[in-house]
Amino acid sequence: DHELPKLRTHQLAALERCSVVYVVPNPTHEGQQWAARMQGEVGQWRTRVVQMDYRPSQLIKEGQESTWRAAKDKAVSSVGARVRVAREMMGDIDHAFENRDALVGFPTKLEPLDKLLGGWRPGEVTVISGEPGVGKSTFCAFISLLQASDGNPALHFSFEVSPFSIMKKWITMLAGEPFAKMDRGTYIRTRKKLARRALHIPQTYGICEMPEVRRSIYDSCTRHHIRFVVLDHLGFLSILGLDASNDIKTTGSIMREVKRWSL
């Protein structure tokens with residue numbers, strides 16, 4: 001709990017014998033800063049940060065062992081300067097060479113986009129930007145539908161457009177005709193198609209705090225095996241304690257946090 005953690009020599013010696021060290025910060029911005037400093041003390045490549053929705057003291061007091069185990073399994077690996085001999089990586093390079101034409105991620109199901117991105121890559125964050133009204137939300141709804149149709153469960157956050165409107169868009173896309181002009185037979189068939197797809201949409205609307213979004217994503221990945229997440233859009237995410245008047249700093253902080261989740 002100290003602002004500047006300083007481990008004693010005998011403590012560091014004990015931790016040197018551990019292959020993995022779990023760092024459990026409080027669920028606050030200060031907790032994250034503390035975890036980063038602790039990683040510097042212990043050695044980044046051996047530490048994993050466990051993100052909890054409870055304070056560690058509360059978790060121990062209430063004996064929530066299953067909650068701790070689940071969080072530990074999802075602990076974030078630190079990207080530290082672990083050194084590998086170059087020859088140890090030759091197998092990865094050989095595989096990349098033999099599969100030069102293969103996609104490096106999940107197919108987007110849109111050929112021009114596959115050529116541009118190489119597919120949706122696990123652990124990657126892709127930002128879609130454009131002027132207001134050009135169809136970003138509709139496009140995001142479409143790519144979520146494509147992934148679910150290809151067997152990849154998708155989680156679609158829509159903060160600006162209501163979940164009801166997103167559902168109508170999906171029905172319209174699957175039917176290939178406007179919702180208002182759809183006859184009952186077409187609607188029933190399309191409704192069945194939508195019901196068979198692993199599409200998940202949180203009941204959120206308007207400004208949303210980052211911890212709430214993170215909890216929803218982690219819970220959905222655990223319970224529904226989500227492989228693809230859309231956040232529409234970043235302007236509706238907020239982090240407590242940040243200066244909202246500094247758009248560049250705020251957006252950068254949000255992007256780093258989303259990237260951390262993705263990794």
Side-chain angles (χ1 to χ4, degrees), residues 20 22 24 27 48-54 59 64-79 95 99 102-110 113-114 117-128 137 139-159 161 163-164 166-167 169-171 173-174 190-205 208-234 236-237 254-263:
V20 179
Y22 292 95
V24 189
R48 290 173 180 263
V49 178
V50 181
Q51 299 296 333
M52 301 294 295
D53 296 324
Y54 306 89
L59 190 75
Q64 300 185 48
E65 186 180 346
S66 60
T67 304
W68 157 249
R69 270 202 308 270
K72 180 180 172 183
D73 291 341
K74 292 181 287 190
V76 179
S77 298
S78 174
V79 183
H95 182 268
N99 297 275
L103 293 176
V104 293
F106 305 116
T108 66
K109 311 304 289 184
L110 297 169
L113 206 55
D114 279 335
L117 299 177
W120 301 119
R121 308 184 187 196
E124 287 292 323
V125 175
T126 302
V127 179
I128 298 170
S137 293
F139 178 67
C140 286
F142 182 53
I143 60 178
S144 289
L145 181 61
L146 286 178
Q147 285 302 299
S149 299
D150 201 36
N152 295 320
L155 177 63
H156 189 98
F157 281 86
S158 176
F159 305 114
V161 181
F164 174 79
I166 295 296
M167 292 288 290
K169 285 188 178 190
W170 283 335
I171 289 283
M173 291 169 184
L174 285 170
T190 307
R191 186 181 182 280
K192 289 180 180 178
K193 288 181 182 179
L194 183 61
R196 287 195 294 266
R197 284 158 172 77
L199 283 162
H200 303 79
I201 183 164
Q203 301 302 295
T204 54
Y205 195 52
C208 203
E209 299 293 343
M210 296 289 280
E212 182 182 345
V213 177
R214 176 174 61 82
R215 280 195 294 270
S216 296
I217 292 175
Y218 282 19
D219 181 61
S220 298
C221 288
T222 302
R223 293 171 53 198
H224 306 301
H225 309 290
I226 296 299
R227 307 290 295 277
F228 185 78
V229 179
V230 167
L231 300 174
D232 183 24
H233 57 78
L234 296 182
F236 283 82
L237 297 176
I254 289 172
M255 284 302 303
R256 284 192 295 274
E257 181 70 358
V258 172
K259 177 64 176 179
R260 187 174 66 82
W261 301 344
S262 186
L263 289 171

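All residue numbers in this chain count up from 1 along the given sequence. Just so you know, these numbers use all the heavy atoms, side chains as well, and skip hydrogens, waters and symmetry mates.
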Should we count CE of M210 as having more than 12 external heavy atoms under 6.0 Å? yes
Take atom OH in Y22; do more than 12 heavy atoms of anything else shown fall under 6.0 Å from it? yes
Among all residues two or more places apart in sequence or in another chain, which pass the side-chain contact (heavy atoms from CB on, under 4.5 Å) test with [X]?
X: N152; result: F106, Q147, D150, R227
X: F142; result: L110, L146, M173
X: S220; result: L155, H224, I226
X: R121; result: V104, E124

side-chain contact (heavy atoms from CB on, under 4.5 Å) between T126 and L117: does it pass, once the steps are laid out? CA-CA 9 Å; T126 302; L117 299 177; 4.3 Å; yes
Roughly how far apart are [X] [atom1] and [Y] [atom2], rounded to 0.5 Å?
X: I166; Y: I171; atom1: CD1; atom2: CD1; value: 12.5 Å
X: L237; Y: I254; atom1: CG; atom2: CD1; value: 5.5 Å
X: K169; Y: H156; atom1: NZ; atom2: NE2; value: 8.0 Å

What are the two closest heavy atoms between [X] and [Y], and how far apart are they?
X: I201; Y: P163; value: CD1-CA, 3.6 Å
X: G123; Y: S262; value: C-OG, 3.0 Å
X: A198; Y: H200; value: O-ND1, 3.6 Å

Between the main-chain N or O of S149 and the side-chain N or O of K109, is there a donor-acceptor pair closer than 3.5 Å? no
Short N-O contact, R223 and D219, less than 4.0 angstrom: yes
Check this for me: does any side-chain nitrogen of one of E257 and R260 sit under 4.0 Å from a carboxylate oxygen of the other? yes
Within 45° cone of Y218 ring axis and under 6.0 Å: R215 NZ or CZ: no
With heavy-atom distances below 4.5 Å as the criterion, would you say the side chains of [X] and [Y] are in contact?
X: W261; Y: V125; answer: no
X: V230; Y: F157; answer: no
X: M167; Y: L194; answer: yes
X: I143; Y: W120; answer: yes
X: S144; Y: F228; answer: yes
X: C140; Y: H233; answer: no

Under the criterion side-chain contact (heavy atoms from CB on, under 4.5 Å), I'd like the reasoning laid out for F236 against L231: C-alpha separation, chi angles, the key distance, then a yes or no. CA-CA 9 Å; F236 283 82; L231 300 174; over 6 Å; no
Residue list, side chain to side chain donor-acceptor pair (under 3.5 Å) with W170, at least two apart or on another chain: none
Contacts of S216 that satisfy side chain to side chain donor-acceptor pair (under 3.5 Å) - sequence neighbours left out: none
Passes side-chain contact (heavy atoms from CB on, under 4.5 Å), V127 versus M255? Steps please. CA-CA 9 Å; V127 179; M255 284 302 303; 3.5 Å; yes
Cut-off 3.5 Å, side chains only: do S158 and D232 have a donor facing an acceptor? no
Between V213 and F159, does a side-chain contact (heavy atoms from CB on, under 4.5 Å) hold up when you go through it step by step? CA-CA 11 Å; V213 177; F159 305 114; 4.1 Å; yes
